[in-house]
Structures are given as C-alpha cells and as structure tokens.
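These notes concern the structure reproduced below.
Both ligands and their constituent atoms are indexed starting at 1 by order of listing. Bear in mind that the values here come from a model prediction, so they are computed numbers and not experimental data.
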Amino acid sequence: MSSKIRIAVLGATGSIGKSSLDIISRDTEKFEVVLLASRSNSDTLDELSKQYPNAVCVSAQKDGKKKLLSSIAESKPDITINGISGAAGLEPSIAAINAGSNLALANKETIVMAGKYVLQLAKEKNTNIIPVDSEHSAIFHLLKRENIVHEFSRNEHEKNKISEIILTASGGPFRNYSLEKLRNVTVQDALCHPTWNMGQKITIDSASMANKGLEIIEACLFFNMLPEKIKVAIHPQSIVHSMIRLCNGVIYAQMSKPDMRHPIHDAIYWPLTAPSSLEPVDFDNLTLEFSKPDTEKFPMLRLAREAAKNGALFPCAYNAANEIAVAAFMENKIGFLDIPRITESVLQEDFSGDCMNLETILNADAKARLIGLSLF
Ligand code: NAD
Ligand code: MG
C-alpha cells in the first residue's frame, strides 16, 4: 500500500491545473496524482495521461458529468484541487466532499453559489476546505495564525477579534480608464492583465472587477463576516494578497510574488508550513501602492455587496448573470458595460429561497441565466 497523499486535479489543463501539477511534481515522494479532469479531451489532457500513467483521466465533454462525479468518489483522493472554471465546478466540489476528500478550492464559484451548503456539508463529512484563491488563502492563513479559523468565527468572542478583512485587487488593465473609454474596450484589451496570468473568464472578471465582487461574497461566506466588514484596496503590484485588521487596530498582511503556486503549495501541505523553492519577494527595490476602488466605474463591486447583503440565492444569481454576460462579451455579442447592466437587471428579480438546498441553488443559477439571456 502506498502511503502517499492521493491528489485529484480538476481543471488539470487550465491555469490553476498546470500550476498545481508543477507544485505536485516537486514532491513526488509525498504526492501521487490519482485523477485528472478537464472539460474537453484536448491534446493537453492526452499529454498529461502519458505523464501520469497511474492517474484516471476524465474529460467532462467526452465522458459526461456523471462519469466525472463518480470518478472523484472512485479515485479516493485525500485532497481534491478544484481548478475548474465557473459554475461547472460546484458539483465536483460537492462530490469531493462527499467522498471524504479535503478540498483545495480555487473554484470560487463553489462558495459564491453555495457557500453555506458546502461549508455545512464539509463539517458533516469532517473534511476541510482550504481556499486557493490568493486573497482567501492569505486571510485563511492569517486567521489560522491568530487561531481564528472560520469554524471559530461563529464564536462571538473570536469573531470580534477581527474588525475588518481587506481584500487587495490589482485593479486590472482598466484601472485608470474613464467611463467613456470603458464603453469601447475590446475582448483583447480586457484579456491583458497587468500582474496575473490566468484563464480567460477570470481575466475578464478582473477587468470589470467582478472578480473582486465574487471575492467579497466568497469572503463573507467563507469567513462568516458581514459585507460591510470586507474592504477592498487597489494594490497594483499584487504583492500583498490580503490583510486582516484586528480589534486592537493592528493590521496583518500576507505577501508573496503574484504566483498561484504559493497558495496551491500552502493548501496541499496544510496544516503544515512546508519549505518551498518558489522565488521570494525581493525588498531591495520594492514599491507598494494602495488606493480606493472606483465603484462608479466598476459597478460589479457595488452589485456584489448588494447580493451579499441580500443573501439567500442572490450571490448565486450574481455569478450566473455575470457568467453568461462575460461569455456573450467574449463572443462580441455585447459591450463591456453591458456586463454590469445585465447583472444589475437580473438581480432585480426575486432570488430569495433556500440556499441550503442544492436543487434550489441550481434552479436559481438556471433562472438567472435565462433572465440574463433575455436582456442581450
Ligand atoms: P482556466 O480556464 O485556465 O482552466 C479551467 C479548467 O477547467 C480547464 O482545465 C477546463 O478544461 C476545465 N473545465 C471547464 N469546464 C469544465 C467542466 N464542465 N468539467 C470539467 N472541467 C472543466 O481557468 P483558471 O484560470 O485556471 O481558473 C479556474 C478556477 O480558479 C476559476 O474558478 C477561477 O476563478 C479560479 N482562480 C483562478 C486563478 C488563476 O490565477 N488562474 C486565481 C484565483 C482563482
Ligand atoms: Mg483572487
């Protein structure tokens, strides 16, 4: 019997998937890849199946969603890295938790759509969800060092120790654009991210700041915090990944180079702080800047806060509306500023409902998409 840690990598051909395999390949004594999954049976997945002959390879398009979900259970992973993009990541996350696997979660949509449901499920199954999204990874590890993990934050005394969570945001490529200039930006313009190299959907979301909107919701749900206690600071260098302010006024920040391999490393070694050979931050010539985000120019931030305040299935609707709007923008069917317009209109509908029930969650996702599509 091998005593290696069994890892499933979902979204293995994507940006998070590739970074995950890079980290895993640095410690083959400790980790073994048992499952690789992606959407299509691309050349990349074929290539990976040769590199990892012992891993089961599943393509959601060719083998179907059912096969993907059953493979997660059958491969018995100790850790599942979920780097699937979009709402498609939710059910695989649930399958991993149900299989008793710890979840290293890059797929923020899992928490935005169904945070309360999946956190409760993880509690019941006695598994851990460790965030990989760099901001939430930073907060998670900062809170852990203060001995405040999210389970404890339900305890009032512990919860009151944190005054504020400060999410940093690069501001994206349009940080300094006027509203007029934003109207005419192209898909190519939006795909040029200044600091992070990521998949296309999240890159567009960074340009509209919907990514930070999703992350405000993700932080509220994951750390059980009110939206007004989650601040956003524009920080173009992407070195400080997030901060917590405690009740004594002191701020703790987490810093590293903008490289997703850091939070992936921290998630798969968790709860250990393990040595890493990734390049450290060099302070000899470093300038860090912070400023206030412009919610007039980037209404996706305001809409996310409203969705987080309304709770219930509003966060799920925010994600779904944005997802179909971004897909349409990428196909040149709508303009950049139609993304917040469509999202705002969708959120005017009723998304009260049971956020602890998977069926109502998936129905809310479908309903928001349908309404959104009628607004193009
Ligand atoms: P990506 O587009 O580069 O890769 C997505 C991966 O998911 C691909 O392997 C694709 O084949 C797979 N996939 C898509 N639909 C699927 C389906 N239905 N079934 C199975 N596999 C499917 O995306 P990415 O940038 O790696 O982002 C992945 C997730 O991580 C997103 O939720 C994103 O918000 C989050 N995230 C990414 C970064 C980053 O730096 N890339 C940072 C923080 C969070
Ligand atoms: Mg992030």
query: Are Ile7 and Leu68 in one and the same hydrophobic cluster, where Ile, Leu, Val, Met, Phe, Trp and Tyr link if side-chain heavy atoms are under 4.5 Å apart?
result: no

- prompt: Closest heavy-atom contact between Arg302 and Glu344?
  reply: NH1-OE2, 3.3 Å

field: Donor-acceptor contact present, side-chain Ser59 to main-chain Ser38, <3.5 Å
entry: no

- request: Please list all pairs passing the side-chain hydrogen bond (donor to acceptor under 3.5 Å, both in side chains) test where one or both residues lie in residues 10-20, with sequence neighbours left out.
  value: none

message: For a quick check: using heavy atoms under 4.0 Å, what are the residues in contact with ligand 1, sorted by chain and number?
response: Gly11, Ala12, Thr13, Gly14, Ser15, Ile16, Ser38, Arg39, Ala60, Leu68, Gly83, Ile84, Ser85, Ala88, Ala106, Asn107, Lys108, Glu109, Asp133, Met198, Gly199, Ile202, Met260

statement: Listed as residue and atom, the protein N/O/S atoms under 2.8 Å from the Mg ion (ligand 2) are Asp133 OD1, Glu135 OE1, Glu215 OE2

- prompt: Does any N or O in the side chain of Asn102 come within less than 3.5 Å of the main-chain N or O of Asn128, such that one atom is a donor and the other an acceptor?
  reply: yes

task: Scan side-chain atoms only and decide if Ser137 and Asp266 contain a donor-acceptor pair under the 3.5 Å cut-off.
output: no

message: Once ring-ring contact (aromatic ring centres under 6.0 Å, His included) is applied, what residue pairs with a partner in residues 30-89 remain, sequence neighbours excluded?
response: Phe31-Tyr269

query: Is the cationic atom of Lys367 (NZ for Lys, CZ for Arg) positioned less than 6.0 Å from the six-membered ring centroid of Phe351 and within 45 degrees of its normal?
result: yes

task: Could you tell me whether the side chain of Lys4 and the main chain of Thr28 form a donor-acceptor pair under 3.5 Å?
output: yes

